[in-house]
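Heads up, the thing below is written out as structure tokens.
Letters A, B, ... mirror the listed sequences (proteins, then strands); counts begin at 1.
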Amino acid sequence: MFLDFMSEVEGLLRDALEGCGFKAEDGVNNLGLEISPHADLASSVAFRLAPVQKISPALIARDIHQAMPQEYKYVDRVELAGPYLNFFMNRIFLNTVLDQALADDRWTGRMSQRVIVEHTSANPDGPLHVGHIRNSVIGDTLVRILRRAGCTVDAQYYVNDMGRQEAMVVVGCDHFQLDGSKADHAIAKVYIAANKAMELDPEIRKEADQVIQRYEAGDPETVAKIQSAVRYAVSGIEETLHRMNIRHDSYRWESEFVRNGDVTEMVKDLEKTGLTEWEDGAFQLDLSTFGFEKKIVLRRTDGTSLYITRDLAYHRWKAANSDQAVDILGADHKLVSGQLCTALRLLGIREPEVVIFEFVSLPTGSMSTRKGKFISADELLDEVEKQAFEEVRLRRPEESEAFHREVARQVATGAVRYDVVKVSADKATTFDWKQALDFEKLSAPFIQYAHARACSILRKGEAAPSFQADQLTGENEVALIKKIAQFDLVIDQAARELKPHHLATYARELAETFNLFYRYSPVLDAAEELKAARMALVRAARNALRSTLETLGIPALETM
RNA sequence: GGGCGCGUGGCCUAGUCAGGAUAAGGCGGCAGCCUCCUAAGCUGUAGAUCGGGGGUUCGAAUCCCCCCGCGCCCGCCA
């Protein structure tokens, strides 16, 4: 698809540049290729050559244009536009795109790495809130994008069972009763209650310390208590993730790395670097030569390990069991993940690629599970589903309530995911109910709707045994084929840059382009030959929309 | 105080890494389109000195420097 066209253009340009005698050191490494309103691909390479050659860019472009090879596969023509070189696709390319989209709606790229993507990994002390799901949605979308790009992906949830907050959950369970609400919400209630109680009674803190020590020592009763609390909380979290079409392939518990000796080994190996020391009874790592001011405590005075110690062991394990590790982390982890990467580098261990996303806050300030100040993902999904139910009931009154419920459920999943993934990860956001409940153009239902429209046409018109792709010459038809072609380019870019929001932008553009075709190019009423060709185009567009939606984890509804 | 990130029409955002041909969308505003394949759609219109200042360049939203504002972090928490 587009990548094939692009590599042909690159080849042509390099041949022509070589023919003109330009070399890489003249600045021709950057061909300045971009999709532009003036061409399918435009090159501004002449500008880069001008200062070296001391000739005007327009003259250089003219020379390159004249040196251009004349044998093309997917390129129709190369036009000279002042200093720019404009490349256009030919009919063969458009027809090839159509054929590929019709035949192979499960296109996958050529990447082949084994990748471990760690995402969500929320502490099992309560339900996911609207901040956590930014992690989950970015993570799961990246998992899907990497798979689409050809990678073998293991999506992992790192379960923090050894932290202080989990000890507080156990203390909470000892002092308060879990009520009948959804597992993760019930856990949150005792956790919040325990934290409140601690403010009045310092003994609670000591209880938590003891739980940590006993758990690290492997005390059977404590192990049983923590594991059951963790499993209970995670079961609730999983339920929420499933509502958003998110599943993990494996769960790694922090305690694994303590029990199997990896943590001890990690501490020993760090000791060999000569950068560790005992200070105030704790074992510490000094990374000040790498710009980290404060020392990192690897073992507490009481001998127990800390989050970073266990995380180092986990990352060594990840490096050994994959070709690439990707971590999705909130902005509050920037410093610690920098420290972690530096420590790994010291030991010669491959570092993970860290995707940082900035915070989601409420209009009233930042969220906190401990303080019970958050909007849960379940609450959000419920609200969005309720709103979607009303919408679909009004639009399709002839359908059953079961239909309305099912469509609302799928729309809610999509709407929540799209709302999160459409924004670049490095933008801090404030949660906004109005925006979350808006189902217009910049939302999942917009894209799902385009897909449903395509499906509707396919249901009503019968597919012809053959068609003439050359019939598809209208502006909207050609634009649609070109937009379908870009799928591989977008997947490739999003996978390499680990930026899922590119795919969200593409999804909107694809739906928009389909809607224009839909509006101006009637299919079912067209003359026989044209109808056959347009039916094929609709099927190709349906496949492209379905692939895009699936990769975004948004249900591709056939009717709504 | 230091580090990292962000600042684009009234509001939300894409574009910034790899500088290029009129700054692209959505929401909200105004004006239109259902005897026509689902109007969760489509069309038109108004609205931006791309936080401010300096610099590099033929050319800067994009690169460099300074400043301002906002967010996150700087725990023997995770």
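Of the nucleotides present, none pairs with G75(B) by Watson-Crick or G-U wobble criteria with both distances under 3.5 Å. For U49(B), there is no paired nucleotide, since no Watson-Crick or G-U wobble pair has both relevant distances below 3.5 Å. Using Watson-Crick or G-U wobble geometry with both donor-acceptor distances under 3.5 Å, G41(B) finds its partner in C33(B). When both distances must be under 3.5 Å, the Watson-Crick or G-U wobble mate of G9(B) does not exist.
Backbone-only engagement by Arg508(A) is indicated by non-hydrogen atom pairs under 4.0 Å involving sugar-phosphate atoms exclusively. Residue contacts for Ser361(A): at a heavy-atom cut-off of 4.0 Å it reaches no nucleic acid atom on any strand shown. Residue Ser337(A) is classed as having no contact, given no heavy-atom separation below 4.0 Å to the nucleic acid. Using a 4.0 Å heavy-atom cutoff across all strands shown, Ala42(A) reaches at least one base atom of the nucleic acid. Within 4.0 Å (heavy atoms only), Phe292(A) reaches no atom of the nucleic acid at all. Counting non-hydrogen atoms under 4.0 angstrom, Tyr307(A) reaches a base of the nucleic acid. Here Ser36(A) lies in heavy-atom contact (under 4.0 Å) with a base.
Base orientation of C42(B): anti (glycosidic angle beyond 90° from 0).
Side-chain contact check for Arg299(A) and Ser305(A): no donor-acceptor pair (N or O, by modelled atom type) lies under 3.5 Å. Residues His404(A) and Glu399(A) have side chains that never bring a donor and an acceptor to within less than 3.5 angstrom of each other. In this model, no donor atom of one side chain and acceptor atom of the other lie less than 3.5 Å apart for Gln284(A) and Glu279(A). Side chains of Glu166(A) and Asn160(A): a donor-acceptor N/O pair is absent below 3.5 angstrom, by distance only.
Ser456(A) contributes no side-chain N or O that forms a donor-acceptor pair with the base of C37(B) under 3.5 Å. With hydrogens and angles left out, the side chain of Asp161(A) and the base of A78(B) share no donor-acceptor pair within 3.5 Å. In terms of polar N and O atoms assigned as donor or acceptor, the side chain of Glu497(A) comes within less than 3.5 Å of the base of A18(B) in a complementary pairing.
On the C1' atoms, G25(B) is 14 Å away from A48(B), given to the nearest whole Å.
The shortest non-hydrogen separation linking Thr413(A) to Pro555(A) is CG2-CD, 4.0 Å.
OP1 or OP2 of C17(B) has not a single side-chain nitrogen or oxygen of Arg496(A) nearer than 4.0 Å. Regarding contacts with the backbone of A39(B), a side-chain N or O of Tyr518(A) is found under 4.0 angstrom from either OP1 or OP2.
Judged by a 6.0 Å distance limit and a 45° cone about the ring axis, Arg453(A) is positioned over the six-membered ring of Tyr518(A).
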Below 3.5 Å is the cut-off: list the nitrogen or oxygen pairs between protein and nucleotides 5-9 of chain B, distance only.
{"residue": "G5(B)", "atom": "O4'", "partner": "Lys334(A)", "partner atom": "NZ", "Å": "3.4"}
{"residue": "G5(B)", "atom": "O2'", "partner": "Glu358(A)", "partner atom": "OE2", "Å": "3.4"}
{"residue": "G5(B)", "atom": "O2'", "partner": "Asp426(A)", "partner atom": "O", "Å": "3.2"}
{"residue": "G7(B)", "atom": "OP1", "partner": "Lys427(A)", "partner atom": "NZ", "Å": "3.0"}

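Between Tyr158(A) and Tyr314(A), the gap from one ring centroid to the other is short of 6.0 Å.
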